[in-house]
Every structure is written in C-alpha cells, then in structure tokens.
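Shown below is the structure under consideration.
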Amino acid sequence: MTVEQVLADSNPEDVGQDLQQLGKLAVPLWQYELSEIPIQQQHLITEFYYYGVESNNTIFSNPPLSSRLPRGNNNPSFVPTGEPHKVMLFRVEVGVPLFAFNGMRDLESAYLDPNKVFKHLHRNWTNLPNLIPQEDDGGALRWFALALAPDPYKLIVNQRRQYSVYTDQAKKLEDQVLPLGGDRKSAFKAFKSNLRLIKEITEKIERITHQDKDKAKVVLENYTNHLNQVLNGGKVDAQIKEQVEMEIQEIEAYLEDLDVII
C-alpha cells in the first residue's frame, strides 16, 4: 500500500495530528525574534508550504485531509515526486530581515570588540550601512548632536576620553558635570535614556539658538563642515562614523527648520 492509501483508510483526526507533526519537523532550522522587526513591516513575512507527493492526483487536495494540512499564508502547493511511500514537506519563509535572526546582536558585539584583529575583503567597507538599524531615539539624537556643538552651545564636552554634560542634575557633583560615557555611542545611549536630561538640554539649546539665530546658524554650519572634514579623513571607526553622519543630518534638519521660522 502507498502512504496515501494508508492515510485514506485512517481516522482523519489521527491523520491530522500526524500532519501537524510533519509541519513541526519541517520548521526552518534558523529562528528569529519577531519583536526585532518593526510592526509595520511584519506583514511582509510570507510562508509557503510545498508538499512532495506521489502524483498530482493526491488525497491531500480534497476533504477531509485538505483542511488538516499545515499551511502558510496561501494554499499549499503539491509537487509530484513519483515516490509512493513518502510524503515530504518543504517550508519556505521569506521577508525576514537579517537583523532579526537570533544571535545577530551577539555577532555585532563580537564584531565591535576592539581587541579583535581582522581584515575586510571590501576596500570601502566603512561606507556600508549597518546591518542592524538604529533604534528610534524619539528625537534625542538631535539634541545630543546640538549639545556637542562649540560655543555658545558646548553643553556636552569630550575631555580626557570622557563625554560629560553640563546639567542641573550634576549640581552636587564635582565640576557640576554628569558623566555619560567613554565614547560617543555609549554617551548617546546614556543621554537618550535620561528623559529629564533630554528635556533640560532641549530647553537650553532652544534658548541659546533664539538669543541670536544668525550666530547660531553660522556656528552650526561651521560645525557640520568640520565634522564632514573629520569623516572624510578616513580615520573614524565605522560605527562612530555612522552615528556622526546621523548627527550631521539632525543638525542640518534643525537649520532648515530655523530658515522656515526666521
């Protein structure tokens, strides 16, 4: 007897359980975190089910077994194999972004390890975008970038490889500055997690800007030109370069808003 003849003579409920087990065995070996994918993009993930059966004339295409077949977003497809004693299932899942795969964060951490020595195969690797997209910071990057600008801003400073911010929260600390981190990325991470600090710095920056808008425009334009020159020098770490490029974009957007207001 063929496997389909055996299944046709069996209890449909039992066959349904066997088919569900087949569906579990056919799950892709890799896994991903759905929470890593933006909600508005999750609908792009599509799953297809391909069943290898003896011929096109299969019992799985008709009730009662057709309703018990594991399936994806669409009806399953049947592929004749000429094999009477096997039923195979091939599952395909498309639309899953690489950054959602399990272990990608760990790979990124290992990649950024400053103690590792390796060479890139692509000569322009520093211009490649980061595989893992930047998290939405709620607008914090704009105020962080502006606070790093020189006088009359200069609310965040980098001294002796330590980023610190002048804030009312540091009144009881020595020098009245609050440490943020030893590098630009860690400093921004600490900054964006402090909502009170973001609000305070935002108000201070707006006050500084509107005291003399013309001066503010000149200072910020010169500052972005300086940052671009530093980046073009090719000596900035790839991850830091990506953040600085986004900081420049935020400052330029701020300047555009000033042009509209003035």
Side-chain angles (χ1 to χ4, degrees), residues 1-113 115-122 125 128-138 185 189 192-193 238-239 242:
M1 295 179 65
T2 68
V3 66
E4 291 196 26
Q5 289 173 334
V6 172
L7 294 175
D9 294 337
S10 303
N11 184 320
E13 295 296 332
D14 294 336
V15 175
Q17 292 180 10
D18 291 337
L19 292 173
Q20 291 300 321
Q21 181 65 19
L22 177 64
K24 292 178 181 178
L25 291 173
V27 71
L29 294 178
W30 44 260
Q31 296 179 331
Y32 61 90
E33 293 290 342
L34 190 62
S35 59
E36 292 281 350
I37 307 172
I39 295 176
Q40 62 271 25
Q41 296 180 11
Q42 291 180 5
H43 73 281
L44 299 176
I45 299 175
T46 306
E47 196 167 16
F48 301 93
Y49 282 62
Y50 297 91
Y51 286 90
V53 293
E54 181 182 5
S55 67
N56 285 323
N57 185 24
T58 174
I59 61 172
F60 297 117
S61 60
N62 300 306
L65 297 186
S66 59
S67 61
R68 290 175 167 80
L69 274 180
R71 65 188 61 221
N73 306 76
N74 305 299
N75 289 329
S77 300
F78 300 104
V79 181
T81 63
E83 173 56 67
H85 303 298
K86 289 183 181 179
V87 173
M88 293 174 281
L89 172 57
F90 179 60
R91 288 174 59 175
V92 178
E93 199 164 11
V94 298
V96 180
L98 287 175
F99 61 78
F101 281 79
N102 283 0
M104 278 298 173
R105 296 286 180 181
D106 294 333
L107 289 174
E108 182 188 36
S109 298
Y111 178 83
L112 297 176
D113 186 349
N115 296 319
K116 286 197 173 182
V117 178
F118 55 87
K119 293 183 179 180
H120 284 270
L121 297 178
H122 198 294
W125 68 272
L128 299 176
N130 193 341
L131 175 64
I132 301 177
Q134 293 289 320
E135 299 176 1
D136 182 12
D137 56 49
K185 288 184 72 71
K189 184 176 181 180
K192 72 176 182 179
S193 65
Q239 299 298 317
E242 182 181 21

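Heads up: numbering here begins at 1 and tracks the sequence.
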Open item on the list: If you define the side chain from C-beta out and look only at heavy atoms, does anything of Val3 sit under 4.5 Å from Lys86?
Closed with: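 No, side chains not in contact.
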Task: Minimum-distance pair of heavy atoms, taken over all atoms of Gly52 and Thr81 - done: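 The answer is CA-CG2, 3.7 Å.
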Open item on the list: Under the criterion side chain to side chain contact (heavy atoms under 4.5 Å, CB included), I'd like the reasoning laid out for Val96 against Phe101: C-alpha separation, chi angles, the key distance, then a yes or no.
Closed with: CA-CA 8 Å; Val96 180; Phe101 281 79; 4.0 Å; yes
Open item on the list: With rounding to the nearest 0.5 angstrom, report the CZ to OG distance, Phe60 to Ser66.
Closed with: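 Nearest 0.5 Å value for the CZ-OG distance: 10.5 Å.
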TODO: Would you please test Asn73 and Ile45 for side chain to side chain contact (heavy atoms under 4.5 Å, CB included) and show each step?
DONE: CA-CA 9 Å; Asn73 306 76; Ile45 299 175; over 6 Å; no
Open item on the list: Would the distance check show the side chain of Gln42 and the main-chain N or O of Leu34 forming a donor-acceptor pair, the cut-off being under 3.5 Å?
Closed with: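 Between the backbone of Leu34 and the side chain of Gln42 there is a qualifying donor-acceptor contact (under 3.5 Å).
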TODO: Just grab all the salt bridge (charged side-chain N to carboxylate O under 4.0 Å, His left out) pairs involving residues 44-60, residues at least two apart or on different chains.
DONE: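 Qualifying pairs, neighbours excluded: Glu47-Arg91.
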Open item on the list: Using every non-hydrogen atom in the two residues, find where Val53 and Glu4 come nearest and quote the distance to one decimal.
Closed with: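 Closest pair (atom of Val53, atom of Glu4, distance): CB-OE2, 3.7 Å.
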Open item on the list: Tell me every residue that passes ring pair (Phe, Tyr, Trp, His ring centres under 6.0 Å) with Phe90, counting only those two or more places apart in sequence or in another chain.
Closed with: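 Partners of Phe90 under the ring pair (Phe, Tyr, Trp, His ring centres under 6.0 Å) test: none.
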Task: Contacts of Asn75 that satisfy side-chain hydrogen bond (donor to acceptor under 3.5 Å, both in side chains) - sequence neighbours left out - done: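 Scan of Asn75 (side-chain hydrogen bond (donor to acceptor under 3.5 Å, both in side chains), adjacent residues dropped) gives Arg71.
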- [ ] Output the distance between atom NE2 (His85) and atom CE (Met1), rounded to the nearest 0.5 Å.
- [x]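 The distance works out to 11.0 Å.
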Task: Side chain proximity check, Tyr51 to Val79, heavy atoms < 4.5 angstrom - done: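 Tyr51 vs Val79: side chains apart.
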Open item on the list: Which residues pass the side-chain contact (heavy atoms from CB on, under 4.5 Å) test with Asn74, not counting sequence neighbours?
Closed with: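 So Asn74 forms a side-chain contact (heavy atoms from CB on, under 4.5 Å) with Thr46, Phe48.
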Task: Close side-chain approach of Leu7 to Ile59, heavy-atom, < 4.5 Å - done: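 Side-chain contact under 4.5 Å: yes.
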Task: Phe78 vs Leu69 side-chain heavy atoms within contact, under 4.5 Å - done: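 Heavy-atom side-chain distance check passes, below 4.5 Å.
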Open item on the list: Within the supplied structure, the quantity of interest is the number of heavy atoms (other residues, nucleotides, ligands) at a distance under 6.0 Å from Asn57 CG; does it exceed 12?
Closed with: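 12 or below, so no.
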- [ ] Could you pull out all residues at least two apart from Glu93 that satisfy side-chain hydrogen bond (donor to acceptor under 3.5 Å, both in side chains)?
- [x]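 Glu93 satisfies side-chain hydrogen bond (donor to acceptor under 3.5 Å, both in side chains) with Tyr32 once adjacent residues are dropped.
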Under 3.5 Å, which donor-acceptor pairs do the side chains of residues 8-29 form with other protein atoms, sequence neighbours left out?
from	atom 1	to	atom 2	distance (Å)
Ser10	OG	Val6	O	2.7
Asn11	OD1	Glu13	N	2.8
Glu13	OE2	Arg68	NH2	2.9

Task: Other residues, nucleotides, ligands: >12 heavy atoms within 6.0 Å of Gln31 CD - done: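 Counting neighbours around CD of Gln31, 12 or fewer heavy atoms of other residues, nucleotides or ligands fall under 6.0 Å, so no.
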Open item on the list: Under the rule for side-chain hydrogen bond (donor to acceptor under 3.5 Å, both in side chains), what residues qualify as partners of Thr2, not counting sequence neighbours?
Closed with: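 By the side-chain hydrogen bond (donor to acceptor under 3.5 Å, both in side chains) rule, Thr2 matches no residue at all.
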- [ ] For the pair Thr58 (side chain) and Ser55 (backbone), establish whether a donor and an acceptor sit closer than 3.5 Å, ignoring hydrogens and angles.
- [x]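 The answer is no, because no donor-acceptor pair under 3.5 Å joins these two groups.
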